[in-house]
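Down below is the structure, laid out as structure tokens.
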Amino acid sequence: MCGIIGIVGHSEVNQAIYDGLTVLQHRGQDAAGIMTCDTDGKFYLRKDNGLVKDVFHTRHMIRLKGHMGIGHVRYPTAGCSTSAESQPFYVNSPFGISLAHNGNLTNTKVLKDELFQTDRRHLNTGSDSEVLLNVLAHELQNSTNLTPEPSDIFKAVTEVHRRCKGAYAAVSMISGVGVLAFRDPHGIRPAVIGKRETVQGTEYLIASESVAVDILDFEFVRDIEPGECVFIDKNGQFYSQQCAENPIKSPCIFEYVYFARPDSMMDGISVHKSRMRMGTKLAKKIMREFSDHDIDVVIPIPDTSRSAALQLSYDLNVVYREGFIKNRYIGRTFIMPGQTMRKKSVRQKLNAIDLEFRGKNVLLVDDSIVRGTTSQQIVQMARDAGAKKVYLASAAPPVRFPNVYGIDMPSANEFVAHDRNVEEIAAELGVDWLIYQDLDDLVSAINKKSDVETFDTSCFDGEYITGDIDANYLYYIDSMRNDNTKEANDKTNGVIELHNNA
């Protein structure tokens, strides 16, 4: 998962992009990057591994000149996390183009072969984002204009949609021309548009989530539609066009379950409200299946489950308490490379308040359960704090299938729900009983008042929305994502080889 931002303004945009990336930091803590463009068409780039606050210092910000720019925060979707794969990426032909991307292309290998064999383009990393950039650059190469017109850009993005499969929300900048952004024809990954009026004229912003629009004091305009491309030229003129043949709005449901900030709106859906409705659905299921429950207190596993847990406690008429204190300086655990690091980080990340647990039957609420290693340790922490019984509720169904669209979920056999029923999972996690959200209830909770036609729910049901995922691809993803591979990659110390893709 990654976060993207792009701004076309009438004054320096470096600080606004930095501030926008800080509120998108939850989407990736592995690396960050900003590229700006000045009035002469010169690019300025700073990117590196680390958090936004650690990558950018005053000396870097001073050098990031220009009235338009793009930014990115990343965690890796597969393979080694190196600074060479930090974004934005850049190619100098044609025109000079940079790009930042959230998602995952599912036909990367085919595209790499095409780019080398047919398009005669060189790739220097294993990143599918560099592939996406080069496909876009190749299609823009066909423009006969010295400076590309909006029609040239829309034609190029139409060809990008034709060639690229999978999930991609991208923001791109063309030297001295403007900023463009587009979503894949299913709209799997989010992107929104904001604008504000200044004395000099209208300024536009593109971002992964609406929270960046709010924080930067822009006015929320709308979501970028699936398959749509928007283009803002350097003077602030706005253009848009649908560039896909059969767009179907099918956002990833895990955005609402876990990744997005609760104060964001995505495709017309309030993340906070949808999580509250998840809590209501869970409460109803508990009353159906455990009507004689003896829950004394409902405690969320911070932070993402708070909205659901609070509403669940209200509907059950059970006391809600904060029982865990979170260390804000530890990143999200399930996206950390390597099981050893993940196990070590949980105790550093959370600490239990004993008096909220001692002698009580506790219902812990989490947004989802993936590997289960974190849940095991949290359950043990609750017992060590004196809980009499520990129950666990998941606001999402069992995660049984890998996500191939940009979320670095592990290989299937590392899921705690892999080849286990609910009772077996409960025993593995060490809880007295376990309850999962039903998939139909999850969809209903999220899609109450929107025009979303369907959701990508593949990590729960194995139905991949793009229709191009087979056993061979899942085997390939498994080989890239399992912990043994990640730990082996860590030992390479980030060494990058230059190659010709031959």
Side-chain angles (χ1 to χ4, degrees), residues 1-2 74-81 85 101-119 123 125-136 159-170 183-189 226-227 244 246-248 250-255 259 334-335 337 370-371 397-415 417-419 439 454-486 488-489 499 501:
M1 186 61 58
C2 300
R74 179 202 76 167
Y75 84 80
T77 54
C80 175
S81 58
E85 293 191 3
H101 160 226
N102 174 30
N104 184 56
L105 302 184
T106 55
N107 63 335
T108 302
K109 188 177 186 306
V110 171
L111 290 171
K112 282 183 176 180
D113 291 342
E114 289 179 1
L115 286 168
F116 179 71
Q117 300 290 344
T118 306
D119 300 347
L123 300 174
T125 73
S127 172
D128 62 326
S129 303
E130 188 187 17
V131 171
L132 181 62
L133 169 59
N134 276 272
V135 171
L136 174 64
E159 289 303 303
V160 169
H161 290 329
R162 183 185 63 81
R163 295 180 64 180
C164 297
K165 309 300 179 185
Y168 47 93
R183 290 174 79 186
D184 69 79
H186 290 89
I188 298 171
R189 294 286 153 239
N246 298 299
I248 302 172
S250 311
C252 173
I253 204 165
F254 219 73
E255 289 277 0
F259 265 103
F334 104 80
I335 61 177
V370 184
R371 289 177 175 90
V399 176
R400 300 187 187 278
F401 303 91
N403 183 289
V404 302
Y405 299 127
I407 300 177
D408 191 27
M409 289 183 177
S411 59
N413 60 12
E414 291 172 7
F415 295 133
H418 180 67
D419 285 343
L439 182 55
T454 184
F455 289 92
D456 171 65
T457 57
S458 55
C459 55
F460 304 125
D461 60 11
E463 298 293 326
Y464 294 95
I465 202 74
T466 55
D468 61 336
I469 306 303
D470 58 17
N472 289 333
Y473 184 79
L474 293 176
Y475 178 81
Y476 164 74
I477 285 291
D478 181 277
S479 68
M480 295 292 289
R481 290 182 174 175
N482 66 66
D483 280 330
N484 290 335
T485 299
K486 287 182 178 179
N489 284 334
H499 55 84
N501 296 303

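In this structure, the side chain of N403 does not engage the main chain of C459 through any donor-acceptor pair within 3.5 Å. Side chain of N104 to backbone of V404: a donor-acceptor contact under 3.5 angstrom is found. The main-chain N or O of I188 is never found under 3.5 Å from a side-chain atom of R183 such that the two would form a donor-acceptor pair. Side chain of D470 to backbone of Y473: a donor-acceptor contact under 3.5 angstrom is found. Put simply, the side chain of N102 gets close to the backbone of C2: a donor and an acceptor are under 3.5 Å apart. A donor-acceptor pair under 3.5 Å is absent between the side-chain atoms of D456 and the main chain of F254, judged by distance alone. Within the 3.5 Å criterion, the main-chain N or O of G227 finds a donor-acceptor partner in the side chain of H161.
Side chains of I407 and R189 form a contact here, defined as non-hydrogen atoms less than 4.5 Å apart. Two residues are said to be in side-chain contact when any heavy atoms from C-beta on lie closer than 4.5 Å; S458 and Y464 meet this criterion. N413 has its side chain out of reach of D419: every pair of non-hydrogen atoms, C-beta onward, lies at least 4.5 Å apart. Within the 4.5 Å cutoff, the side chain of E85 has no heavy atoms near those of the E130 side chain. At least one side-chain heavy atom of Y405 sits under 4.5 Å from a side-chain heavy atom of I465. A 4.5 Å side-chain heavy-atom check between D184 and C164 finds every atom pair outside the cut-off. You'll find the side chain of L105 reaches within 4.5 Å of the side chain of Y168, heavy atoms only. C252 places none of its side-chain heavy atoms less than 4.5 Å from the side chain of F455.
Residues D478 and A412 come closest through the heavy atom pair OD2-N, 3.9 Å. Between A417 and P398, the closest heavy-atom pair is CB-CB, 3.9 Å. Here the shortest heavy-atom pairing between P247 and P226 reads CB-O, 3.4 Å. When all heavy atoms of V160 and L136 are compared, the pair lying nearest together is CG2-CA, 3.8 Å.
We find the CZ-CG distance between R163 and D119 to be 4.5 Å, quoted to the nearest 0.5 Å. To the nearest 0.5 Å, atom CG of residue N134 and atom CG of residue L115 are 5.5 Å apart. Atom CD1 of I469 sits about 9.0 Å away from atom CG of N107, to the nearest 0.5 Å. Atom OG1 of T108 sits about 11.0 Å away from atom CG of D113, to the nearest 0.5 Å. Taking CZ of F401 as the reference point, atom OG1 of T457 lies at 10.0 Å (rounded to 0.5 Å). Interatomic distance, F460 CZ to R400 CZ, rounded to the nearest 0.5 Å: 11.0 Å.
Side-chain contact annotation: S129 with H101, donor-acceptor N/O pair under 3.5 Å present.
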